[in-house]
Amino acid sequence: MKQVVITGTGLFTPPHAVGNAALVETFNAWVESENARHAEAIAAGEREPLQPSSESFIVKASGIHSRYVLDAEGILDPERMRPRLPVRDDDALSIQGEMGAAAANEALEAAGVAAADIDLVIVACSNLERAYPAVAVELQAALGAGGHAYDMNVACSSATFAIDAATNAIRAGSASRVLVVSPEICSAHLNFRDRDSHFIFGDACTAIVLEDDAVATAESRFEVLGTRLATRFSNAIRNNAGFLNRVTDSDPQAADKLFVQEGRRVFKEVCPLVAALIDEHLARLSLRGDDLSRLWLHQANRHMNDLIARRVLGREASPEEAPIILDRYANTSSAGSIIAFHLHRADLAPGALGVVCSFGAGYSAGNVVVRRR
Ligand SMILES: CC(C)(COP(=O)(O)OP(=O)(O)OC[C@H]1O[C@@H](n2cnc3c(N)ncnc32)[C@H](O)[C@@H]1OP(=O)(O)O)[C@@H](O)C(=O)NCCC(=O)NCCS
């Protein structure tokens, strides 16, 4: 069987960092003005006052301190509280195309691969900025890549599911070099007026080059030993935005057309599912938790990662073993585990084993076991 190697990764980080303090200040200014607007109804007991958010809660509950976004001004304006992204001409490169090209060029350079030698481009992310033409086909043209391209969406697990698709395509011989790109504009699906979740997301884009080992030239390679995917239907994370909104006459601005979750339930249900997936996958490869040098886990909640790492390793993980990037990036959906992999793998010795694991809406979870060459 053909051996598949990851030979390069890239990361696009948006220009604006927004700390918890600024986000909470905007949220609380809005709460104050809403409560003042409804003061009479609140005084008459007809309406509950909105509660303020707090920086200490955010850090304690999630581990998030800051996030990068494409536009901070619109998010931090209490009158707007959503990013302002100018509409682009159909002939201009789309926003996700632009983010994707920046991350892809870095990954291609690291891999020593010319765009023209890529024969499959997969854009894998939670939200696509239009129905069609596929962003992946646009990116393929913008980069000058060959072969074919397609978009896919498995929410936070999009990148690991795409690594699975890329690995299978290379093993089957339908592609030799695959580019997986995850342009996540999470600030556009986040309800910045929802106290429970206004702090959880950030924007970023990652890119990964996977190749048939026989054609790869990069010195640094991570062999994909295996991929394993799991899904279990749940409404605990849901977003009802879709092309039928127009014809069902539902309100396109309603809160259910944005990200909605039952965070505590997600925490409780997803952690055991993910730990079992990793355990089972390792067992199939005749490996155990203590064979792993690193866990590049999905970056949604620090406590979730601590718990999953503890279950897989059978002990507390050190910060080096299970790197956290959500403190600076927040949850960047499918990009999160790939950002961790991008930033925290250079120190691993040849032969070291690790897992890239993502989990999220669906529920969906994807695990990739890699070994440093
Ligand atoms: C979202 C999350 C950080 C919330 O943390 P939590 O500890 O579960 O918090 P809860 O929602 O249970 O709320 C706990 C308390 O804090 C309060 N609270 C909620 N948001 C708050 C805020 N922004 N500021 C201050 N207090 C807040 C709640 O009202 C509640 O108060 P109570 O105990 O008096 O009822 C956490 O559940 C999580 O990350 N879950 C996993 C989510 C995930 O992985 N999703 C995948 C997305 S792709």
Side-chain angles (χ1 to χ4, degrees), residues 18-32 34 48-65 67 75 81 124-127 153-161 182 184-204 230-232 234-239 241 258-275 277 297-309 324-327 329-340 357-366:
V18 175
N20 291 342
L23 208 60
V24 166
E25 190 183 321
T26 298
F27 183 89
N28 290 349
W30 172 73
V31 163
E32 225 172 272
E34 280 294 289
E48 287 295 319
L50 296 175
Q51 297 301 312
S53 182
S54 93
E55 280 181 72
S56 59
F57 168 82
I58 295 171
V59 172
K60 192 161 157 260
S62 70
I64 296 166
H65 291 259
R67 70 282 297 140
I75 292 167
M81 294 175 77
C125 58
S126 286
N127 292 283
N153 171 6
V154 199
C156 289
S157 296
S158 298
T160 50
F161 275 56
S182 298
E184 294 287 10
I185 312 179
C186 301
S187 61
H189 82 157
L190 178 55
N191 183 352
F192 286 94
R193 291 182 170 161
D194 174 35
R195 180 172 176 255
D196 291 345
S197 65
H198 75 109
F199 53 88
I200 70 178
F201 283 113
D203 303 334
T231 49
R232 196 174 84 202
S234 168
N235 275 321
I237 313 170
R238 196 171 169 104
N239 182 337
L258 295 166
F259 170 89
V260 181
Q261 76 166 355
E262 293 174 54
R264 192 144 285 210
R265 186 175 143 205
V266 173
F267 196 114
K268 277 199 196 134
E269 293 177 349
V270 168
C271 287
L273 188 149
V274 171
L277 174 73
L297 298 177
H298 179 52
Q299 304 282 321
N301 182 299
R302 189 179 187 119
H303 307 301
M304 268 180 124
N305 288 18
D306 290 347
L307 186 62
I308 292 166
I324 291 289
I325 59 94
L326 63 85
D327 52 347
Y329 279 86
N331 182 347
T332 52
S333 194
S334 68
S337 56
I338 311 301
I339 299 175
C357 185
S358 62
F359 33 92
Y363 298 129
S364 59

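Both ligands and their constituent atoms are indexed starting at 1 by order of listing.
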task = Determine yes or no for a side-chain-to-main-chain donor-acceptor pair under 3.5 angstrom, with Asn301 supplying the side chain and Ala61 the backbone.
result = yes
ask   = Can you find an N or O of Ile58 that's nearer than 3.5 Å to an N or O of ligand 1?
value = no
remark   = among protein heavy atoms, the one nearest atom 39 (O) of ligand 1 is Asn301 ND2, 2.8 Å
Atom 33 (O) of ligand 1 protein-contacted (non-hydrogen atom, under 4.0 angstrom) = no
message = Quick test: of every protein heavy atom, which one is nearest to atom 48 (S) of ligand 1, and how far off is it to 0.1 Å?
response = Cys156 SG, 3.0 Å
inquiry  = With a 3.5 Å distance limit and no angle check, can you tell me whether Gln299 reaches the backbone of Leu326 through a side-chain donor-acceptor pair?
reply    = yes
ask   = Do side-chain atoms of Glu184 reach the backbone of Cys125 as a donor and acceptor pair under 3.5 angstrom?
value = no
request  = May I ask you to check if ligand 1 and Ser62 share an N or O to N or O distance below 3.5 Å?
outcome  = no
task = Report the residues that fulfil salt bridge (charged side-chain N to carboxylate O under 4.0 Å, His left out) with Glu55, sequence neighbours left out, ordered by chain and then residue number.
result = none
task = Have a look at ligand 1 and work out which part of Val270, if any, has a heavy atom under 4.0 Å from it: side chain, backbone, both or neither.
result = neither
Single hit among Cys186, Ser158, Ser364 for side-chain contact (heavy atoms from CB on, under 4.5 Å) with Ser334 = Ser158
inquiry  = Tell me whether atom 26 (N) of ligand 1 lies less than 4.0 Å from at least one protein heavy-atom position.
reply    = yes
request  = Answer yes or no: does an N/O atom from His298 fall short of 3.5 Å to an N/O atom of ligand 1?
outcome  = no
message = I need the nearest protein heavy-atom contact for atom 40 (N) of ligand 1: residue, atom name and distance, please.
response = Gly263 O, 3.0 Å
Test item: protein heavy atom less than 4.0 Å from atom 19 (C) of ligand 1 = yes
message = I'd like to know if Ala361 contacts ligand 1, where contact means a heavy-atom distance under 4.0 Å to any ligand atom.
response = no
ask   = Quick check: does any side chain N or O of Ser54 sit under 3.5 Å from a backbone N or O of Phe57, one acting as donor and the other as acceptor?
value = yes
ask   = Short question: side chain of Asp327, backbone of Ile64 - any donor-acceptor pair under 3.5 Å?
value = no
request  = Determine, considering heavy atoms only, which of Arg264, Arg302, Glu269 sits nearest to atom 10 (P) of ligand 1.
outcome  = Arg264
message = I'd like to know if the side chain of Arg67 and the backbone of Phe199 have a donor-acceptor N/O pair within less than 3.5 Å.
response = yes
ask   = Checking Ser182 side chain against Ala124 main chain: does a donor-acceptor pair fall under 3.5 Å?
value = yes
task = Determine whether any heavy atom of Ile200 lies closer than 4.0 Å to an atom of ligand 1.
result = no
ask   = Under a 4.0 Å heavy-atom limit, does Ser53 contact ligand 1 with its side chain, its backbone, both, or neither?
value = both
inquiry  = Once you restrict to heavy atoms under 4.0 Å, what part of Gln51 touches ligand 1? Side chain, backbone, both or neither.
reply    = neither
query = Of the protein's non-hydrogen atoms, which lies at the shortest distance from atom 16 (O) of ligand 1, and what is that distance?
reply = Phe57 CE1, 3.1 Å
ask   = Under 3.5 Å, side chain of Asp203 to main-chain N/O of Ser187, donor-acceptor pair present?
value = yes
Backbone or side-chain N or O of Asn331 under 3.5 Å from ligand 1 N or O = no
request  = Return the set of residues passing ring pair (Phe, Tyr, Trp, His ring centres under 6.0 Å) with Phe259 (not counting sequence neighbours), or none when no residue passes.
outcome  = His189, Phe201
task = Please check if a non-hydrogen protein atom sits closer than 4.0 Å to atom 37 (O) of ligand 1.
result = yes
